[in-house]
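To keep things clear, I will list the structure first and then write my remarks on it.
Reminder, nothing fancy here: chain letters follow the sequence lines and each chain counts from 1.
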Amino acid sequence: MAQKPSIPKGTRDFSPIEVAKRSYIMNTIRTQFQHYGFQPIETPSFEKSSTLMGKYGEEGDRLIFKILNSGDYLSKVKDDAFAKANSNALTPQISEKALRYDLTVPFARYVVQHRNDIVLPFKRSQMQLVWRADNPQNNRYREFCQCDADVVGSDSLWQEVEFVQLYDAVFTALKLEGVTIKMNNRKILSGIAEVIGASDKLIDFTVALDKLDKIGKEKVIAEMLSKGISEEAIKTVDPLFTISGSFGDQLATLKGLLATSETGMQGIEELVFINEAIESLGLESATLQLDVTLARGLNYYTGAIFEVAAPEAVKMGSIGGGGRYADLTGIFGLKDVSGVGISFGLDRIYNTIEQLDLFPEEAIEGIKVLFINFGKEEALYAMKAIKQLRSNGITAVLYPDAAKMKKQMTYANRREIPFVILAGGEEMENKTFALKDMVAGEQETVTLDALIERLK
RNA sequence: GUGAUUGUAGCUCAGUUGGUUAGAGCGCCUGAUUGUGGUUCAGGAGGUCGCCGGUUCGAGACCGGUCUUUCACCCCA
């Protein structure tokens, strides 16, 4: 047992059933992406370090998996880097490539690199693995799949409206009811910071505010104080800690609070537009909610912020998120191209659907019928029938060996194959098949045509 | 990256203050039953106790390191 092989921390193997269920979710998302006009692209699993480093904040660089250079990489290192034993100085000299950390930055790189071939506004979808050298936790892995849809080259708020609809469409198609799409706007957060005279502490302020429902008002205030935000300022925004009501009600409260902030009022106008559009268009199964405490996400969100919460019955973090970045491609030298996008958290959606037992049977269907192997002649007779079944779209297999009956039947049981065919001398003579229903235990003798009809 | 936590058969877990040959249930294999599985009965296989080292006459148990699990922080899907 000791020598049993294993996989690295934070990675997973997927069994056939798990792959089938994941495919079901991914296919559902893919279909909706397509309906909304997003074109799938793929990018390499690793990028040049210079593309990724420094794009995710100082914490982010630590979480990027670096790839060691090929060859005798140490021979090129300058002596003083060794002498100082400084990892930060040494790393760029021995590693020039790194595994992709998310899909957004590679997409920004893609847009800039292929700017002459892309027709703006460009709607792209991407479903690929990303890697983070984080410590694994519940529903957090070091290798996981992101399902992203983004638009670049359009400032229109209709994009935001469409993303709300897209979330709704996907979760409706997955029969996942009761999902809450939470929205906020970076401009509102900026406005609040402006009003309380703490614009320079915007990030500290929002990071603390984001924890409100997790650690409570008292601790949020304590954290704000510790970051140097004045008691007076916190009192000014006291309504934020208890704000409630409908999307419109909350906007009204905010209007009073942010009246003196141009940026803040702009954020409110944007949310009013989106809310009115969605109210008029309607949602199938999800609910749109304003959440002013929502600050999650990367520092580069400049407008809309999205986060999706699973139905309340399941204890699960967010199952999706996204937002708008006014200058997505600026980091790669292409100015004034706005991007807005959302992401679906595949693993968390999987676990939510699993907990609610919402995977449809068709999604995990395996072998439909097993032919018992009685010997060479009988196997050939079976294979001819199997060929016909398969060409009719039925998953059929022959047990490969003429093993004991019990062994073959047990195989059918363990693989949860619903039907078994017994075809021996008598059936071959009459050109028939004995079809056994493994669940009901009943058996009947049928012709090939009838067999195809029964199993279709 | 910081601080805790977990690891004994395929799975879920027992295992006394360190003391012979480490157990149970389920699962698996074989047979009762050579064209009929899921039930029943009988029998059987399977573990250098995560790994490496240390203390000891003696370690699954104690100590150190390492890997892994889970969790909190950071951050995030």
Side-chain angles (χ1 to χ4, degrees), chain A residues 1-12 25 29 56-64 87-88 101-104 127-148 203-204 206-208 210-211 214-215 219 223 295-299 301 306-310 316-323 341-352 370-375 378 399 402-428 433-443 445:
Chain A
M1 226 55 298
Q3 271 73 14
K4 207 183 209 176
S6 62
I7 55 178
K9 188 202 297 201
T11 65
R12 295 155 296 162
I25 296 172
I29 294 172
Y56 307 100
E58 24 184 313
E59 284 299 311
D61 284 359
R62 200 193 79 216
L63 302 177
I64 293 172
S87 300
N88 287 338
Y101 175 89
D102 72 354
L103 300 179
T104 306
M127 304 170 79
Q128 288 190 281
L129 291 175
V130 302
W131 295 268
R132 295 186 186 177
D134 202 359
N135 265 342
Q137 245 177 71
N138 189 23
N139 288 320
R140 294 174 65 171
Y141 307 94
R142 304 180 104 178
E143 174 183 77
F144 62 96
C145 184
Q146 285 196 330
C147 310
D148 279 24
I203 300 293
D204 286 336
T206 53
V207 164
D210 189 53
K211 296 174 185 167
K214 196 174 175 184
I215 62 176
K219 286 183 178 173
E223 184 171 328
R296 195 69 62 89
L298 306 174
N299 297 339
Y301 287 146
F306 297 100
E307 185 165 307
V308 182
M316 185 71 60
S318 68
I319 56 176
I342 59 171
S343 181
F344 289 82
L346 177 62
D347 294 298
R348 290 185 177 183
I349 293 171
Y350 180 106
N351 290 341
T352 303
L370 176 76
F371 282 68
I372 299 296
N373 189 331
F374 289 114
E378 295 89 339
Y399 192 87
K404 282 181 184 170
M405 189 69 164
K406 174 166 175 155
K407 196 174 173 95
Q408 300 194 43
M409 294 296 269
T410 301
Y411 178 81
N413 269 342
R414 295 194 58 196
R415 288 291 304 269
E416 294 183 341
I417 299 169
F419 295 99
V420 160
I421 297 284
L422 301 102
E426 196 178 319
E427 285 86 358
M428 286 166 72
F433 302 86
L435 172 66
K436 174 153 185 161
D437 182 328
M438 293 298 278
V439 179
E442 289 161 3
Q443 191 169 321
T445 302

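Where A:Gly345 and A:Met438 each meet RNA chain B at their nearest nucleotide, the meeting point lying more 5' is that of A:Met438. Both A:Asp134 and A:Gly10 sit near RNA chain B, but only A:Gly10 has its closest nucleotide nearer the 5' end.
Checking B:C26 for Watson-Crick or G-U wobble geometry (two distances, each under 3.5 Å) identifies B:G10 as its partner. In a base pair of the Watson-Crick type (N1 to N3 plus N6-O4 or O6-N4) or a G-U wobble (N1-O2 and O6-N3), with each distance short of 3.5 Å, B:G58 is matched with no nucleotide. Nucleotide B:U17 forms no Watson-Crick or G-U wobble pair with any nucleotide shown, as no partner meets the under 3.5 Å limit on both distances. Summarising the base pairing, B:C41 is matched to B:G31 through a Watson-Crick or G-U wobble pair whose two defining distances lie under 3.5 Å. Taking a pair to require two hydrogen-bonding distances under 3.5 Å in either a Watson-Crick or a G-U wobble arrangement, B:C49 remains unpaired.
Side-chain atoms of A:Lys404 lie closest to B:G31 of the nucleotides B:A77, B:G31, B:C75. Among the nucleotides B:G35, B:C73, B:C71, the one closest to the side chain of A:Lys214 is B:C73. If you check B:A77, B:C75, B:A32 against the side chain of A:Tyr141, the one that comes closest is B:A77. Distances were taken from every side-chain heavy atom of A:Glu427 (C-beta onward) to each of B:U68, B:G35, B:A77; the shortest belongs to B:G35. Distances from the side chain of A:Gln146 to the nucleotides B:A77, B:U36, B:C75 place B:A77 closest. In this structure, of B:A72, B:C75, B:C29, it is B:A72 that holds the atom nearest to the side chain of A:Gln137. Relative to the side chain of A:Lys407, the nucleotides B:C28, B:C76, B:U30 differ in distance, and B:U30 lies closest. Minimum atom distance to the side chain of A:Met405 is reached by B:G35, of the listed B:A77, B:G38, B:G35. Considering only side-chain atoms of A:Glu59, the nucleotide from B:G37, B:C71, B:C74 that sits closest is B:C74. With B:G37, B:G35, B:C76 as the choices, the nucleotide that has an atom nearest any side-chain atom of A:Arg348 turns out to be B:C76.
Ring geometry, A:Tyr56 versus A:Tyr101: the interplanar angle falls from 30° to 60°, so the pair is classed tilted.
A donor-acceptor contact under 3.5 Å is not formed by the side chain of A:Lys9 with the base of B:U68. Between the side chain of A:Arg140 and the base of B:C75, a donor-acceptor pair under 3.5 Å is found.
Between A:Asn413 and B:G38 there is no side-chain N or O to OP1 or OP2 distance below 4.0 Å.
Summarising the local packing, CD of A:Gln443 is surrounded by more than 12 heavy atoms from other residues, nucleotides or ligands at distances under 6.0 Å.
B:A77 has its base stacked against the ring of A:Phe144, the centroids being under 5.5 angstrom apart at an interplanar angle below 30°.
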